[in-house]
Amino acid sequence: MRAAVIVFPGSNCDRDMVLALRESGADVTTVWHKDAELPQDLDLVAIPGGFSFGDYLRCGAIAAQSPICRAVVEHANRGGYVLGVCNGFQVLTETGIVPGALMRNSGLKFLCKTVALTVATENSAFTSSYAQGSEIQVPIAHLDGNYFVTDAELTMMRDEDRIAFRYSDNPNGSADSIAGVLSSNRRVLGMMPHPERAIEAQMGSADGQALFRALVGQTIAA
């Protein structure tokens, strides 16, 4: 699998994302946000966490206007895989690739801890190695992780089985305890928790490994 990790000014999880993908068998390159095109024959684009452009305006709003994001939208529209984590999830909502918006945590405090997630669906390349209903441990690190969607969008995502992960104990006020959502074609995942920080037991949890290995394996098979 050929993957690209997008780097913005203020990205701070890009190396973690590169490592997680390479450890899972992907051929990974990094792409600067001012580039207008993605590498040829690319399978996956990953947008990492951090504080792109200092999180001025809305988180991810400036990054979503970068030249490379037009190419990311085109990649997604062609059926390519996209993974957006934390600030990357915020960028995905700002581009409209996935629905909703990320607002300030309900407690108005930055949260940095490992939380329990419930796997809401196993029907995606990202979640196929987990059992639906199982619980995994993944760290969070965000101030603006309170996921908001309209009632109509929430009903649609429930009906279409597009909620990937839920918080077992909602830390930030997200609607329906949502921690991660899928696009309509199920090839884009946006999530606030950091699976790339949970790939080795000595980091506190290795539960993120399954996400990357399933994604790389299924993409190769496809």
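No hydrogens, no waters, no symmetry mates; every other heavy atom, side chains included, goes into these values.
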Approximate separation, where rounding is to 0.5 Å, of [X] [atom1] and [Y] [atom2]:
X: Gln65; Y: Arg70; atom1: CD; atom2: CZ; answer: 8.5 Å
X: Ser205; Y: His194; atom1: OG; atom2: NE2; answer: 13.5 Å
X: Ser66; Y: Asp35; atom1: OG; atom2: CG; answer: 10.5 Å
X: Asp161; Y: Arg186; atom1: CG; atom2: CZ; answer: 4.5 Å
X: Ser129; Y: Glu122; atom1: OG; atom2: CD; answer: 10.0 Å
X: Cys69; Y: Leu92; atom1: SG; atom2: CG; answer: 8.5 Å

Look at the side-chain heavy atoms of Ile, Leu, Val, Met, Phe, Trp and Tyr, link any pair under 4.5 Å apart, and say whether [X] and [Y] land in one connected group.
X: Ile97; Y: Phe148; value: no
X: Met103; Y: Met191; value: no
X: Val28; Y: Val31; value: yes
X: Leu111; Y: Leu143; value: no
X: Leu44; Y: Trp32; value: no

Task: Partner of Phe165 under side-chain contact (heavy atoms from CB on, under 4.5 Å), chosen from Ile178, Leu211, Thr118 - done: Leu211
Task: The single option from Leu189, Val98, Ile47 passing side-chain contact (heavy atoms from CB on, under 4.5 Å) against Phe89 - done: Val98
- [ ] Mark yes when over 12 heavy atoms from residues, nucleotides or ligands other than Asp151 sit less than 6.0 Å from its CG; otherwise mark no.
- [x] no
TODO: Please say whether more than 12 non-hydrogen atoms of neighbouring residues, nucleotides or ligands are located less than 6.0 Å from CD in Glu37.
DONE: no
Which heavy-atom pair separates [X] from [Y] by the least distance, and what is that distance?
X: Arg187; Y: Phe126; answer: O-CZ, 3.5 Å
X: Pro99; Y: Met157; answer: CG-SD, 3.8 Å
X: Gly25; Y: Val216; answer: C-CG1, 4.2 Å
X: Ala36; Y: Ile68; answer: C-CD1, 4.4 Å
X: Val138; Y: Pro195; answer: CG1-N, 3.7 Å
X: Tyr81; Y: Ala125; answer: CE2-CB, 3.6 Å

Does [X] reach the side chain of [Y], with side-chain heavy atoms less than 4.5 Å apart?
X: Leu182; Y: Thr127; result: no
X: Leu21; Y: Met1; result: yes
X: Val181; Y: Arg162; result: no
X: Cys86; Y: Met192; result: yes
X: Asn172; Y: Asn170; result: yes
X: Tyr167; Y: Ile140; result: yes
X: Asn146; Y: Arg104; result: no
X: Leu215; Y: Ser24; result: no

List the atom pairs, donor and acceptor, that lie under 3.5 Å between side-chain atoms in residues 6-19 and the rest of the protein, sequence neighbours left out.
residue, atom, partner, partner atom, Å
Ser11, OG, Phe8, N, 2.9
Ser11, OG, Phe8, O, 3.2

Does [X] use its side chain to pair, donor to acceptor, with the backbone of [Y] at less than 3.5 Å?
X: Asp43; Y: Ala3; result: no
X: Asp27; Y: Arg2; result: no
X: Gln209; Y: Ile199; result: yes
X: Thr93; Y: Ala101; result: no

Please report, to 0.1 Å, the donor-acceptor pairs under 3.5 Å made by any side chain of residues 50-59, with sequence neighbours excluded.
residue, atom, partner, partner atom, Å
Ser52, OG, Asn87, OD1, 2.8
Arg58, NE, Glu94, OE2, 2.9
Arg58, NH2, Glu94, OE1, 2.9

TODO: Compute whether any side-chain donor of one residue and acceptor of the other, for Asn123 and Thr121, lie under 3.5 angstrom apart.
DONE: no
TODO: Could you verify whether a donor N or O on one side chain and an acceptor N or O on the other, from Tyr130 and Asp207, lie under 3.5 Å apart?
DONE: no
- [ ] With side-chain contact (heavy atoms from CB on, under 4.5 Å) as the test, would you mind laying out the steps for Asp169 and Val115 before giving the verdict?
- [x] CA-CA 8 Å; Asp169 184 12; Val115 300; over 6 Å; no
